[in-house]
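Please read the structure below before turning to the comments.
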Amino acid sequence: MNFSSKLLEQAVAEFGRLPGVGQKTALRLVLHLLKQPEADVTRFTAALDRLKQEIRYCATCHNISDNAVCEICASHKRDKGLICVVEDTRDVMAIENTNQYHGVYHVLGGLISPMDGIGPSDLQIDSLIKRIDAGAGEVQEVILALSATMEGDTTIFYLYKKLKDFGVQISTIARGIAFGGELEYVDEVTLGRSIATRVPYERSIA
Ligand SMILES: [Zn+2]
């Protein structure tokens with residue numbers, strides 16, 4: 001693309017770095033912003049600045065939060081004996097939308113993927129083990145609600161091996177979700193049912 005302005009080119013290059021945004025879309029977005037009142041653009045950039053500078057991760061479950069401990073972990077209405085392990089915050093949002101889950105979460109921050117150089121130590125796995133250990137029997141069940149992909153299965157198996165001696169029930173969500181399925185794209189009814197009809201992991205690998 002031949003730009004008439006270096007500033008325009010730089011802005012388009014920044015937008016073009018976003019996932020799923022090509023050069024043409026980036027240019028369309030930048031030209032759109034350029035037409036907006038200055039106050040609107042300032043609000044837009046301020047929201048991004050604040051997001052990056054002020055966002056926190058819950059000290060307990062590692063979900064994105066405005067506070068040191070997220071609202072779910074802080075709530076007295078949630079069952080602390082039930083931990084649902086998910087890949088990222090999108091999965092928490094998807095499961096919360098089902099209105100069928102009343103336990104708490106643990107956000108791994110990714111899945112084990114040797115191909116991408118992501119190992120167990122890159123994820124919030126040690127903190128999950130510590131959390132269960134420190135709970136001194138409070139945690140009754142851990143639901144491994146991970147994607148039905150190679151990486152999801154690898155991570156589930158790894159977690160199972162790490163957690164099986166803690167005396168907690170380990171379950172996986174029912175795989176009505178197609179292999180290769182990502183949790184966030186599953187409709188709420190299916191996802192809600194998958195959690196309600198979860199199965200012990202031992203049985204699911206037999
Ligand atoms: Zn939390």
Side-chain angles (χ1 to χ4, degrees), residues 47-113 118-149 151-152 154-174 177 181-186 188 190-196 198 200-201:
L48 292 179
D49 270 344
R50 287 194 65 188
L51 177 74
K52 194 60 194 169
Q53 281 167 18
E54 295 175 27
I55 207 108
R56 299 161 87 165
Y57 292 87
C58 172
T60 304
C61 74
H62 311 288
N63 194 19
I64 292 172
S65 170
D66 286 340
N67 306 304
V69 174
C70 77
E71 284 182 12
I72 294 171
C73 288
S75 168
H76 297 296
K77 291 182 183 151
R78 309 297 294 232
D79 179 0
K80 306 289 192 309
L82 184 58
I83 299 179
C84 185
V85 178
V86 295
E87 180 181 348
D88 65 26
T89 198
R90 292 173 298 178
D91 302 322
V92 174
M93 291 164 77
I95 294 170
E96 285 299 287
N97 280 336
T98 69
N99 285 317
Q100 294 201 34
Y101 180 69
H102 304 291
V104 291
Y105 295 92
H106 192 88
V107 180
L108 293 177
L111 296 173
I112 296 172
S113 175
I118 302 171
S121 61
D122 298 310
L123 307 172
Q124 296 292 353
I125 291 178
D126 280 349
S127 71
L128 173 65
I129 293 164
K130 282 198 193 103
R131 191 175 166 188
I132 292 166
D133 204 19
E138 191 198 12
V139 179
Q140 307 280 311
E141 182 178 355
V142 174
I143 305 170
L144 305 174
L146 303 175
S147 300
T149 57
E151 292 79 14
T154 304
T155 309
I156 286 173
F157 189 60
Y158 182 86
L159 288 172
Y160 171 72
K161 284 193 295 179
K162 285 280 180 190
L163 300 178
K164 67 179 167 49
D165 298 328
F166 280 94
V168 293
Q169 171 77 55
I170 302 168
S171 335
T172 51
I173 54 172
I177 299 169
E182 304 249 357
L183 284 191
E184 55 167 326
Y185 300 124
V186 176
E188 285 157 21
T190 307
L191 184 55
R193 201 184 295 135
S194 300
I195 292 170
R198 62 187 180 272
Y201 183 61

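For ligands, and for the atoms within them, numbers begin at 1 and follow the listed sequence.
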What distance separates Lys162 NZ from Ile129 CD1, expressed to the nearest 0.5 Å? 5.0 Å
Quick check: does any side chain N or O of Thr98 sit under 3.5 Å from a backbone N or O of Ile95, one acting as donor and the other as acceptor? yes
For atom CD of Glu96, decide whether the heavy atoms of other residues, nucleotides or ligands shown that lie under 6.0 angstrom number more than 12. yes
Say whether, by atom type as modelled, one donor and one acceptor occur between the side chain of Thr155 and the main chain of Glu151 under 3.5 angstrom. yes
Is there a donor-acceptor contact under 3.5 Å from the side chain of Thr172 to the main chain of Tyr201? no
Quick one: give me the number of protein N/O/S atoms under 2.8 Å from the Zn ion (ligand 1). 4
If a pair satisfies ring-ring contact (aromatic ring centres under 6.0 Å, His included) and one of its residues is in residues 80-110, list it, with sequence neighbours excluded. His62-His106, Tyr101-Tyr105
